[in-house]
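Note sheet for the following structure.
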Amino acid sequence: SPSANTISTGNRSLGHNYYDDKGRLINSLKLDFSDQGGQIHYVYSGTQYDFLNRALISKSISQNLYSSSTDHTVLNKNEYEPVTGQLVKTSRKTGTSAWTTTGLFTYDDLGRMRQSVIGNNGEYRDFSYNIRGQLTGINGLYAETGDKGGKPRTFGETLNYDYGFTQPRYDGKISGVQWRGTNASLL
């Protein structure tokens with residue numbers, strides 16, 4: 001007699017991928033089977049692209065055929081800045097629920113990411129750069145001082161290039177790193 005774990009996870013899979021004329025994956029189908037009971041689950045997913053090959057929306061439908069619940073549908077949507085084409089917002093919708101913002105992104109005048117907000121105001125990340133365009137920090141103030149600036153932050157890092165802790169470098173490589181995690185002291 002097979003265990004419940006074997007039946008619920010399956011022991012054979014079958015998958016199909018469908019591509020458009022530009023070689024982009026537009027649909028995929030995965031089926032899981034068990035020797036004892038036939039098909040167990042399926043996952044169907046598809047993606048719609050714009051004329052610039054950017055993913056606009058993706059949809060995934062899955063169902064466990066041994067479950068009494070209906071299928072599970074997830075939609076992911078990307079929104080882009082019309083002039084620069086940079087990603088500015090990601091959203092997710094599960095089933096019949098409303099759209100939830102999963103990411104907000106802002107950029108500086110040079111097109112570098114300035115801030116990202118992950119989740120529904122769940123994690124803020126501020127990015128800083130030096131005059132050469134090298135990343136110098138992700139939540140750098142939090143990494144150095146522990147000051148969260150009144151926003152949820154769980155990670156901070158500063159990168160030093162031409163000055164480090166004991167040995168300076170003048171070749172553009174990283175000479176020192178400081179980082180801090182959630183409620184942690186500076187490392």
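Here the structure is a predicted model, which is why all the values come from computation and not from measurement. In this chain, residues are counted from 1 in sequence order.
- Here the closest non-hydrogen pair linking E81 and T84 is OE1-N, 2.7 Å.
- Shortest non-hydrogen contact noted between R180 and T145 is NH2-C, 3.8 Å.
- Checked by atom type and distance alone, the side chain of T73 never pairs as donor or acceptor with a backbone atom of I61 at under 3.5 Å.
- To the nearest 0.5 angstrom, S58 atom OG is 7.5 Å from L75 atom CG.
- Taking all atoms of both residues into account, the shortest heavy-atom contact from P152 to G122 is CB-O, 3.3 Å.
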Inset, instruction - Decide side chain to side chain contact (heavy atoms under 4.5 Å, CB included) for V43 and S60; before the verdict, give the C-alpha distance in whole Å, the side-chain angles of both, and the deciding distance to 0.1 Å. - result: CA-CA 7 Å; V43 177; S60 176; 4.0 Å; yes
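- Listed for the Y49 side chain is no donor-acceptor partner under 3.5 Å among the backbone atoms of I26.
- For the pair V88 and L104, the minimum side-chain heavy-atom distance is 4.5 Å or more.
- Side-chain atoms of S97 never come within 3.5 Å of backbone atoms of K93 as a donor-acceptor pair (strictly under, hydrogens ignored).
- The main-chain N or O of L29 is never found under 3.5 Å from a side-chain atom of Y18 such that the two would form a donor-acceptor pair.
- The line from CD of E79 to OG of S91 is 5.5 Å long, rounded to the nearest 0.5 Å.
- At a threshold of 4.5 Å between side-chain heavy atoms, the hydrophobic network of Ile, Leu, Val, Met, Phe, Trp and Tyr places Y142 and V117 in two separate groups.
- There is a side-chain donor-acceptor pair under 3.5 Å between T158 and Q178.
- Residues I57 and Y19 fall into different hydrophobic clusters, defined by Ile, Leu, Val, Met, Phe, Trp and Tyr side chains chained together at heavy-atom separations under 4.5 Å.
- In terms of modelled atom types and a separation under 3.5 Å, the side chain of Q63 and the main chain of H72 share no donor-acceptor contact.
- V177 and Y129 fall within a single hydrophobic cluster, where Ile, Leu, Val, Met, Phe, Trp and Tyr side chains are chained together by heavy-atom contacts under 4.5 Å.
- Stacking of R54 on the aromatic ring of Y80 is recorded, both the 6.0 Å distance cut-off and the 45° axial limit being met.
- For the residue pair L25 and T47, the shortest heavy atom distance occurs at O-CB, 4.2 Å.
- Here the CG atom belonging to N27 is positioned 11.0 Å from the NZ atom belonging to K59, to the nearest 0.5 angstrom.
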Inset, instruction - Could you give me the CA-CA distance, side-chain angles and deciding distance for N78 and T90, then say whether side-chain hydrogen bond (donor to acceptor under 3.5 Å, both in side chains) is met? - result: CA-CA 5 Å; N78 296 327; T90 58; 5.3 Å; no
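- Not one N or O on the side chain of E157 forms a donor-acceptor pair closer than 3.5 Å with the backbone of A143.
- If you check the side chains of T101 and N120, you find no donor sitting under 3.5 Å from an acceptor.
- Interatomic distance, D108 CG to R114 CZ, rounded to the nearest 0.5 Å: 7.5 Å.
- Residues R24 and D50 approach most closely at NH1-O, 3.5 Å, considering heavy atoms.
- Note that OG of S128 and CD of Q134 are 12.0 Å apart. Values are rounded to the nearest 0.5 Å.
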Inset, instruction - Could you give me the CA-CA distance, side-chain angles and deciding distance for R125 and F155, then say whether side chain to side chain contact (heavy atoms under 4.5 Å, CB included) is met? - result: CA-CA 8 Å; R125 294 181 187 151; F155 172 78; 5.7 Å; no
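- Salt bridge present: D126 and R153 bring a charged side-chain N and a carboxylate O closer than 4.0 Å.
- No hydrogens or angles considered: nothing links the side chains of Y124 and N139 as a donor-acceptor pair under 3.5 Å.
- If you chain together hydrophobic residues whose side chains sit under 4.5 Å apart, L141 and M113 never meet in one group.
- Within the model, atoms NE2 of H41 and CG of D71 stand 14.0 Å from one another, a figure rounded to the nearest 0.5 Å.
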Inset, instruction - Could you give me the CA-CA distance, side-chain angles and deciding distance for S13 and K30, then say whether side chain to side chain contact (heavy atoms under 4.5 Å, CB included) is met? - result: CA-CA 7 Å; S13 292; K30 181 179 182 244; 3.9 Å; yes
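- By the rule that hydrophobic residues join a cluster once side-chain heavy atoms approach within less than 4.5 Å of another member, L56 and F105 end up as members of one cluster.
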Inset, instruction - Take F127 and S116 through the test side chain to side chain contact (heavy atoms under 4.5 Å, CB included) and record every step on the way to the result. - result: CA-CA 8 Å; F127 299 85; S116 69; 3.7 Å; yes
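- Judged by distance alone, the side chains of T154 and E123 do bring a donor and an acceptor atom under 3.5 Å apart.
- A salt bridge between R169 and D171 is present, with a side-chain N of the basic residue lying under 4.0 Å from a carboxylate O of the acidic one.
- Of the possible polar contacts, one joining the Y107 side chain to the L87 backbone as a donor-acceptor pair under 3.5 Å is found.
- Contact of the D32 side chain with the Y42 side chain is not registered, since no non-hydrogen atoms from C-beta on lie closer than 4.5 Å.
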